[in-house]
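Everything below concerns the one structure shown next.
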Number of protein chains: 4
Amino acid sequence: MPKTPQAAAAARIAPSRKPVIRRRGASPEKTAHTRQSIVDAALAEFLESGFANTTIESVAKRAGVAKGLIYRYFPAKEALFSAVVQQEIVNAHIDVDDAKRAPGETVEAFLRRTLVVSIRAIEKKSRADIARMVISEGSHFPAITDIYRRDVIDPLLQKIKSLAIAARKSGELKDDRLVKNPYLLVAPVWAGIVINKFLDRAHPVDIGELFEMQLDLVFGK
Amino acid sequence: MPKTPQAAAAARIAPSRKPVIRRRGASPEKTAHTRQSIVDAALAEFLESGFANTTIESVAKRAGVAKGLIYRYFPAKEALFSAVVQQEIVNAHIDVDDAKRAPGETVEAFLRRTLVVSIRAIEKKSRADIARMVISEGSHFPAITDIYRRDVIDPLLQKIKSLAIAARKSGELKDDRLVKNPYLLVAPVWAGIVINKFLDRAHPVDIGELFEMQLDLVFGK
Amino acid sequence: MPKTPQAAAAARIAPSRKPVIRRRGASPEKTAHTRQSIVDAALAEFLESGFANTTIESVAKRAGVAKGLIYRYFPAKEALFSAVVQQEIVNAHIDVDDAKRAPGETVEAFLRRTLVVSIRAIEKKSRADIARMVISEGSHFPAITDIYRRDVIDPLLQKIKSLAIAARKSGELKDDRLVKNPYLLVAPVWAGIVINKFLDRAHPVDIGELFEMQLDLVFGK
Amino acid sequence: MPKTPQAAAAARIAPSRKPVIRRRGASPEKTAHTRQSIVDAALAEFLESGFANTTIESVAKRAGVAKGLIYRYFPAKEALFSAVVQQEIVNAHIDVDDAKRAPGETVEAFLRRTLVVSIRAIEKKSRADIARMVISEGSHFPAITDIYRRDVIDPLLQKIKSLAIAARKSGELKDDRLVKNPYLLVAPVWAGIVINKFLDRAHPVDIGELFEMQLDLVFGK
DNA sequence: GATGAATGAGAGTTCATTCAT
DNA sequence: GATGAATGAACTCTCATTCAT
C-alpha cells in the first residue's frame with residue numbers, strides 16, 4: 001500500500017471516522033503523539049550532534065519523556081537513528097516527473113520550472129541536513145545509505161536520464177554526455193551541499209545559482 | 001614562523017643535521033619515529049572507524065606502543081585526531097600553479113596537463129579519504145575544517161580564478177561565470193568524492209572523466 | 001483461623017455458595033479466575049527462569065492480562081513469587097498418616113504401600129520442581145523456606161519418627177537410628193531431587209528405586 | 001601441564017628465582033594480587049547474594065578496586081562468576097583414592113579413615129557453599145554444572161564403585177546394590193548439604209554422623 | 001476492574017585519562 | 001621515555017512499579 005508521506009502524516013492526526021471503540025488506557029492518538037515527539041527530538045539531536053554524540057538521555061529530555069520510554073518505541077539507539085533518518089529521507093525525494101512536462105515545453109524549460117525550484121528549496125527544508133547526515137553517518141549505517149540511494153539518488157538520476165534522452169531527440173542537446181552520465185547535471189548540487197554544510201558554512205555558495213549555471217553549460221548557453 | 005606545509009612535512013621526515021646532544025632517555029630520532037608510528041596508526045584507525053569508534057587502545061596496539069605513551073605526544077584524543085588530519089591535509093594540496101604555465105600554452109591545455117592529472121590521482125592516494133574524514137567529522141572539529149579550507153580549498157579556488165581571468169583575457173572563455181564562481185569547475189570533483197566514498201561505493205563514478213566533461217562544458221566544447 | 005492447606009486449596013477452586021451480591025465491576029468468579037491465571041502463569045515462568053530472570057511483563061503476557069493488573073492482586077513481584085510458591089507447597093505435602101496403617105500391617109509394608117508410591121509420584125507432578133525452586137531461591141525468601149519446612153519437611157519427619165517408634169516397639173527395627181534421625185530414610189529422596197534437577201539432568205537417578213534400596217537397608221534386608 | 005591448584009597458587013606468590021627482568025609498569029605480583037582480590041570479593045558476594053543480586057559495583061567495593069577494573073580481568077559478569085566458581089570447584093574435589101588403601105585394610109575401614117574425614121570437613125571449608133551455589137545457579141550456567149559433575153561427582157562415584165567392587169570380592173558386601181548404584185552411599189551427604197544450606201539452617205543435621213550411619217547400613221552394621 | 005504508556009532508579013559495560021612503577 | 005593497571009564518569013538498556021484513562 002503505497003501511502004504518500006502526507007497521507008501517513010494525516011492518518012496519524014485524523015482519527016478514523018468509524019465509530020471509535022474506546023479502549024482503556026492511553027489513546028492511540030496520544031501514543032502517536034509521543035512517538036512523534038521522540039522522533040522529532042531525536043532528529044534534532046542527531047542533526048546537532050551526530051549519532052555518537054547524541055545520548056538517549058538528551059533525546060528524552062528534549063522530547064519531554066523519560067529515558068526508558070524511548071525503548072518502548074525503538075529497541076535500540078541504532079534503530080531510533082535509522083527510523084528517524086529513513087522517515088526523513090522520504091521527504092528528501094526530489095520530484096521531476098517527466099510526465100508532467102507540458103506539451104511543447106522544452107526539456108530545459110521544464111527543468112528550470114521544476115528542478116531549479118526543488119533545488120532552491122533544498123536548503124530551506126531539512127533536505128540538505130538529511131543529506132549531510134547520510135553522508136556523515138552512512139558508513140556506519142549501510143542500510144540508510146542504501147535507502148537514500150534507492151529513494152533519492154537513483155530516481156533522480158533515472159529521471160534526468162529520461163529527460164536527457166528526450167532532449168537529445170528534440171535536438172536540445174548536441175551530444176550524449178548527459179545521457180551517459182546524468183551525474184553531470186546534479187554534481188553541483190552535491191558539491192554545494194558539501195560546501196555549505198561541511199566545509200564553508202561562513203561563505204555558503206548559492207546552490208540554486210550554481211545549478212542554473214550548470215544547466216546553462218549543459219544546454220550550451 | 002610561517003612554515004610552509006611542505007617544510008613541515010619535510011621536518012617530520014628528515015631529522016635535524018645539527019650535532020646531536022646525547023641526553024638521557026630516547027634519542028630525538030627514536031622519539032620522532034615513535035610519534036610517527038602513533039600518527040600512522042591513528043590515521044589508519046580513524047579512516048577505518050571514524051573518530052568516535054576509534055579507541056586510544058586500538059591506536060596504541062596498532063602503533064605497537066603503550067596506551068599511556070600516546071598521551072606524551074598528544075594531550076587528548078581530540079588533539080591526536082586534529083594532528084593526524086592536519087598533517088594529512090598537507091598532502092591533499094592540489095597543485096595548479098599558474099606560474100608553471102608554459103608560454104603560449106592555453107589555460108585549457110594547462111589545466112588538462114596539470115589539474116586533470118592531479119584529480120585523476122585523487123583516489124589513488126588517500127586524498128579522497130581525508131576529504132571524506134573532514135566532511136564526516138568536520139562539524140565536531142571546526143579547526144580541521146578551517147585548515148582544510150585554508151590549505152586546500154581556498155588556494156585551489158584562487159588559482160582557478162586566476163586562470164579563469166587569464167582565459168577570459170585571452171578569449172578562451174566567453175563569459176565571466178568561472179571568474180565569479182570558480183566552484184563551477186571543481187564541483188564535480190566534490191560530488192564525485194561524496195558519491196564514491198559515501199553514497200554508492202558499489203558503483204563509483206569516474207571522477208577524472210566527470211571532471212574532463214566539466215572542462216569541456218566550461219570551455220564550450 | 002487455622003485453615004488446613006487442603007481447605008485453602010479447595011477455597012481457591014470452589015467459589016462461595018452464598019448468594020452472590022452483584023456489584024459493579026467484575027464478578028468474584030471472574031476475579032478468582034483472573035487471579036488464578038496470574039498465579040499459573042507466574043508459576044510457569046518462575047519454574048522456567050527463576051525469580052530474577054522472570055519479568056512481570058512475561059507473566060502478564062502468559063496470563064493474558066495487562067501488566068498493571070498483576071499489581072491489583074499482588075503488591076510486588078516478591079509477593080507474587082511467595083504466593084505462588086506457597087500455594088504450590090500445599091500440593092507438595094507427602095502423605096504417610098500413621099493412622100491409616102492397617103491393623104497388623106508392618107511398618108515396612110505400610111511404608112512400601114504409601115511412601116514409596118508418593119515418592120515415585122514426586123517427579124510426575126511438579127513437586128520436585130517446587131522443591132527445586134525452594135532450594136534455589138529460598139535463601140532470598142526465608143518465608144517460603146519456613147513454610148516449606150513447616151508444611152512439608154517437618155510433618156514428614158514427624159511421621160517417619162512415629163512410624164520408627166512403632167517399628168522399634170514391634171521389633172521390626174533393631175536399633176534407634178531412625179528414631180533419632182528420621183532424615184536417614186528420606187535422605188536419598190532429597191539427594192535424588194538435587195541430582196536430577198540440578199546436577200545431572202542427562203543421567204537422572206531413579207528416585208523411587210533409590211528410596212526402596214534405602215528402605216531395604218534400614219529394615220535390614 | 002597438570003599443575004595442582006597448590007602449585008598454581010604458589011607460583012602466583014613466589015616469584016621465579018631466575019634473574020628477574022624488571023619490566024616497566026605494574027609487577028605481575030601486583031596484578032596477581034589484584035586479580036585474587038577480585039576473585040575473593042566476588043566469591044564472597046556471590047555466596048552471600050547469589051548471581052543476580054550481586055552487582056559488579058559491590059564486588060569492586062569489596063575488593064577495593066574501581067568498577068571498571070574488573071573488566072580488565074573478566075570480560076563480563078557471567079565470566080567472573082564462572083571463573084570464581086570453577087576455581088573453587090577444584091578445591092571441592094573429594095579424595096578417596098583406592099590406591100591408598102593399606103594392604104589388608106578393609107574397604108569399610110578405609111572409607112572410615114578417608115571419606116568420613118573428608119565429609120566431616122565439607123562444611124568447615126567452603127565446599128558445601130560451592131555445592132550450594134552450583135545447585136542454585138547451575139540451571140543458568142550449564143558450564144559450571146558440567147564442570148562440577150566432571151570434577152567432583154563423577155570421580156567420587158567412580159571411586160565408590162571401584163571400592164564397592166573390591167568390597168564385594170572380599171565379601172565385605174553381601175550384594176551388588178552399591179556397585180550398581182554408588183549414589184546410595186553418598187546420598188545422605190547431598191541431602192545434608194541441601195538441608196543445612198537451604199532448608200533448615202537453624203537446625204542443621206550432622207552430615208558426618210548421617211554419613212557414618214549410612215556406612216553402617218551399607219555394610220550391614 | 002483493566003490497560004499499557006510512562007517513570008526512573010540502577011545495572012552492566014566502555015573508554016579517555018592518570019599514575020605508580 | 002615507556003608501561004599498562006587503575007580510575008571513574010558516562011553511556012545504553014532493563015524492568016518493577018505507577019497512574020491517567
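Each chain gets a letter, A, B and so on, in the order its sequence line appears, and its residues count up from 1.
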Per nearest nucleotide of DNA chain E, the residue lying toward the 5' end, D/P75 or B/K77, is D/P75
Under 4.0 Å, counting only non-hydrogen atoms across every strand here, what does C/A60 touch: a base, just sugar-phosphate, or nothing?
nothing
Rounded distance (nearest 0.5 Å) linking atom CG of C/L80 with atom CG of C/L43
10.0 Å
When rounded to the nearest 0.5 angstrom, what is the spacing between CD1 in C/I147 and CD in C/Q87?
12.0 Å
Runs of at least three Watson-Crick or G-U pairs with DNA chain E, cut-off 3.5 Å
E:2-21 with F:2-21
Contacts to DNA chain F from residues 41-55 of chain C, heavy-atom cutoff under 4.0 Å, which residues?
C/T54, C/T55
Heavy atoms, side chains only, cut-off 4.5 Å: are A/F141 and A/V134 in contact?
no
Take A/E57 and C/I56, find for each the nucleotide of DNA chain F with the closest heavy atom, and name the residue whose nucleotide sits nearer the 5' end.
A/E57
Within this structure, what is the CZ-to-P distance between A/R72 and F/dC13, rounded to whole angstrom?
17 Å
For C/F74 and F/dT17, what is the distance between atoms CZ and P respectively, to the nearest whole Å?
13 Å
If I take atom OG from residue A/S37 and atom OH from residue A/Y73, how far apart are they, to the nearest 0.5 angstrom?
9.0 Å
Can you confirm whether B/Q86 sits close enough to B/F81 that some side-chain heavy atom of one is under 4.5 Å from a side-chain heavy atom of the other?
no
Treating C/S49 as the side-chain partner and C/T54 as the backbone partner, does any N or O pair qualify as donor plus acceptor under 3.5 Å?
no
Between C/T34 and E/dG1, does any side-chain N or O lie under 4.0 Å from OP1 or OP2?
no
For atom CD of D/E29 and atom C1' of E/dA20, their distance in whole Å
15 Å
Using heavy atoms and a sub-4.0 Å distance, could you list which residues of residues 62-70 of chain D are near DNA chain F? By number, please.
D/V65, D/A66, D/K67, D/G68, D/L69
Rounded to the nearest 0.5 Å, what separates atom CD in C/E45 from atom NZ in C/K61?
10.5 Å
Evaluate A/R62 against A/E48 for salt bridge (Lys or Arg N to Asp or Glu O under 4.0 Å), listing each step before the verdict.
CA-CA 12 Å; A/R62 189 166 200 149; A/E48 266 179 44; 3.0 Å; yes
If you measure from CG on D/L69 to CZ on D/R35, what distance do you get to the nearest 0.5 Å?
11.5 Å
Would you tell me if any nitrogen or oxygen in the side chain of D/Y71 comes within less than 4.0 Å of OP1 or OP2 on E/dT14?
no
Using 30° and 60° as the class boundaries, would you call the ring planes of B/F51 and B/F46 parallel, tilted or perpendicular?
parallel
Rounded to whole Å, CZ of C/F81 lies from P of F/dA16 at a distance of 14 Å
Checking side-chain polar atoms at under 3.5 Å, does C/S58 have a donor or acceptor matched by the opposite partner on C/T55?
yes
Hey, is the main chain of D/G138 close enough, under 3.5 Å, to the side chain of D/T145 for a donor-acceptor pair?
yes
Under 4.0 Å, heavy atoms only, any strand: does A/Y73 hit a base, just the sugar-phosphate, or nothing?
sugar-phosphate
In whole angstroms, the gap separating C1' of E/dT21 from NZ of D/K30 amounts to 9 Å
Return the value, rounded to whole Å, for the distance between atom NZ of D/K61 and atom P of E/dA11.
10 Å
